[in-house]
Amino acid sequence: MRPPVTGSAALRQFALDPDFTHLNHGSYGATPLALLDAQDRWRRALERNPTRFLSRELVDMARVQTGRPGEGPELLRHAAEAVAAEFGGAAGDYVFVPNTTAGINAVVAGFPLAPGDRVLLLGPHYSAVGATLRAACARTGAVLDVVPLPWPAIRDEGVTQAVAAALTPRTRLAILDHVTSSTATVMPVTDLARLCRERGAAVLVDGAHAPGMLPLDIPAVGADWYVGNMHKWICAPKGAAILWTAPDRQDATRPQVVSHGAGGGYTDRFDVQGTLDPSAYLTVPDAIAWCRDQGGPALREHGRRTALAMTGMLAAELGTEAGPPPAMTGMMRLVRLPDRFGPADAVAADRLRRRLSAEHRIEVVALPLAGALWLRLSAFLYNEVEDAGLLLRALERVPAGG
Ligand SMILES: Cc1ncc(COP(=O)(O)O)c(C=O)c1O
């Protein structure tokens, strides 16, 4: 496999504004022009004959409603086959959802929680996921146990020990981040899933960042459910995520929107949820192929090496530190800012982020963590170590107080 074309030469493949330094692939991804074109082709195919496309080609609605053998090409299921070929398991275990939040909500809404049951969540979870679980606990009388994890001195063994100590005989459900959002930490999710299941808790993995960032065999993680975004590190158009459900959980796993597929099986229930634009889902196979064409493992290695180099350089120049440790780093990493950038709170973080964007044309995440302000840098195909040099020069011009 030839090495991928990276850095500014790769930026031309994207619709990204070339006058900006984009160091935040992690939040929303970025879709290459070739994949926007592929999505447009799907939209045009649909609009040439919406009736045929939506009722016979995307999903064979006659089959869904009557149970008779289908005749249509079942395009959504073809897309699920490409997902299974990339991430393991059977196509019938995968359904598409618009985003990770939707996938997590579907699982949590259908999970039977009773008063006094306990739900386990890792300390650095994504805030929308925390909100979902708090709402489920308020509705059912279950109790949320958030496992605080150290930062930046985090280690696999420490995470496993903390989760082991937090599990109780009443813990029914554990939500485990594969790669955390705020601390960009790759968690020992296979070990954690085994531990939780051995102790009687069902496991839902929040893999929002993992597909495309890590080598990934989803069934081998050993969870009950795994949700992952396609729009982040796989670069599919926005509105595409996958939900994998272990076969023994599929009967009880339902979308929140009840539609024509309600009386059918797991995939029919999710594949038919009213009239939607399916073009992002249908572009996922193209996106998987695009990532492979860009080097696959070599692309991931470029991102990891660049994230380590950028944050290492910044930490040395700023006289601070970077995290997580290299063994828990994927394609994003954080660097701590010196105290002069302001108090460690969300207001100061937002002020700095806006200033870097508006005055220096740099998109990067700033956030308060463990009593300090940190920057989270993503490294994708179009990033190179020099991007961190631009960031450093911008930081030197930020006045005291951020
Ligand atoms: C760990 C984690 N979980 C969930 C989400 C939510 O993803 P989405 O916005 O696609 O619903 C994110 C988004 O960044 C995330 O980082």
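Here, residue 1 is the first one in the sequence, and each next residue gets the next number. Only heavy atoms go into these numbers, but all of them, side chains included; no hydrogens, no water, no symmetry mates.
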**OP:** Show the numbers, then the answer: is there a side chain to side chain contact (heavy atoms under 4.5 Å, CB included) between Phe111 and Arg249?
**Re:** CA-CA 10 Å; Phe111 190 84; Arg249 294 280 185 185; 4.2 Å; yes

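- With values rounded to the nearest 0.5 angstrom, Arg41 atom CZ is found 11.0 Å from Leu36 atom CG.
- Residues Leu204 and Asp224 are not in side-chain contact: their nearest non-hydrogen atoms beyond the backbone lie 4.5 Å or more apart.
- Residues forming a ring pair (Phe, Tyr, Trp, His ring centres under 6.0 Å) with His25 (at least two apart in sequence, or on another chain): Trp233, Phe380, Tyr382.
- The main-chain N or O of Tyr28 is found under 3.5 Å from a side-chain atom of Lys238 such that the two form a donor-acceptor pair.
- In this structure, Ile154 and Pro325 approach most closely via the heavy-atom pair O-CG, 3.2 Å.
- Residues satisfying the ring pair (Phe, Tyr, Trp, His ring centres under 6.0 Å) test with Trp151, not counting sequence neighbours, are Trp374.
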**OP:** Just do the side-chain hydrogen bond (donor to acceptor under 3.5 Å, both in side chains) check on Gln39 and Ser279 with the steps written out, would you?
**Re:** CA-CA 6 Å; Gln39 180 181 30; Ser279 60; 3.1 Å; yes

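- Salt-bridge formation is not detected for the pair Asp350/Arg353: no Lys NZ or Arg NE/NH1/NH2 atom is positioned less than 4.0 Å from an Asp or Glu carboxylate oxygen.
- Not one N or O on the side chain of Ser357 forms a donor-acceptor pair closer than 3.5 Å with the backbone of Arg361.
- Proximity of a side-chain donor or acceptor of Asp387 to a complementary backbone N or O of Glu384 within less than 3.5 Å is detected.
- Remark: the backbone N or O of Val347 is paired with a side-chain donor or acceptor of Asp345 at under 3.5 angstrom.
- Minimum heavy-atom separation, Arg269 to Asp251: NH2-O, 3.2 Å.
- Once rounded to the nearest 0.5 Å, the distance linking CG of Asp206 with CG of Leu122 reads 9.5 Å.
- Contact of the Thr31 side chain with the His231 side chain is not registered, since no non-hydrogen atoms from C-beta on lie closer than 4.5 Å.
- For Ala316, there are no side chain to side chain contact (heavy atoms under 4.5 Å, CB included) partners, not counting sequence neighbours.
- Using modelled atom types and a 3.5 Å distance limit, the side chains of Thr245 and Gln250 yield no donor-acceptor pair.
- With hydrogens and angles disregarded, no donor-acceptor distance shorter than 3.5 Å links the side chain of Arg170 to the backbone of Ala142.
- Checked for salt-bridge contact, Glu71 and Arg56 miss the test: no charged N lies under 4.0 Å from a carboxylate O.
- For the pair Ile175 and Val129, the minimum side-chain heavy-atom distance is below 4.5 Å.
- The backbone N or O of Asn383 lies less than 3.5 Å from a partner atom in the side chain of His302, making a donor-acceptor pair.
- Note that the CG atom of Leu395 and the CG atom of Leu390 stand 11.0 Å from one another [nearest 0.5 Å].
- Under the rule for a ring pair (Phe, Tyr, Trp, His ring centres under 6.0 Å), Phe53 has no partner lying at least two apart in sequence or in another chain.
- Smallest separation of non-hydrogen atoms from Met332 and Thr180: CE-O, 4.1 Å.
- Listed for the Thr320 side chain is no donor-acceptor partner under 3.5 Å among the backbone atoms of Leu318.
- Under a 3.5 Å cut-off, the side chain of Asn24 and the backbone N or O of Val365 do not form any donor-acceptor pair.
- Of the possible donor and acceptor atoms, none in the side chain of Arg336 sits under 3.5 Å from a partner among the backbone N and O of Leu373.
- Between the CG atom of Leu377 and the CE atom of Met310 there is a distance of 4.5 Å, given to the nearest 0.5 Å.
- For the side chain to side chain contact (heavy atoms under 4.5 Å, CB included) test, residues two or more places apart in sequence or in another chain that qualify with Glu74 are Val59, Asp60, Arg63, Arg77.
- In this structure, Ile234 and Phe87 approach most closely via the heavy-atom pair CD1-CZ, 3.9 Å.
- No more than 12 heavy atoms of other residues, nucleotides or ligands lie within 6.0 Å of CZ in Arg155, so this atom counts as exposed by the packing criterion.
- For the pair Arg304 (side chain) and Thr329 (backbone), a donor-acceptor distance under 3.5 Å is present.
- Residues Val159 and Met187 form a side-chain contact, since some pair of their non-hydrogen atoms from C-beta on lies under 4.5 Å apart.
- Atom NE2 of His260 sits in a sparse spot, with 12 or fewer heavy atoms from other residues, nucleotides or ligands closer than 6.0 Å.
- Residue pairs satisfying the ring-ring contact (aromatic ring centres under 6.0 Å, His included) criterion with at least one member in residues 157-188, sequence neighbours excluded, are listed as follows: His178-Tyr226.
- Between atom CG of residue Leu35 and atom SG of residue Cys291 there is a gap of 8.0 Å, rounded to the nearest 0.5 Å.
- Aromatic ring centres of Trp225 and Tyr266: separated by at least 6.0 Å.
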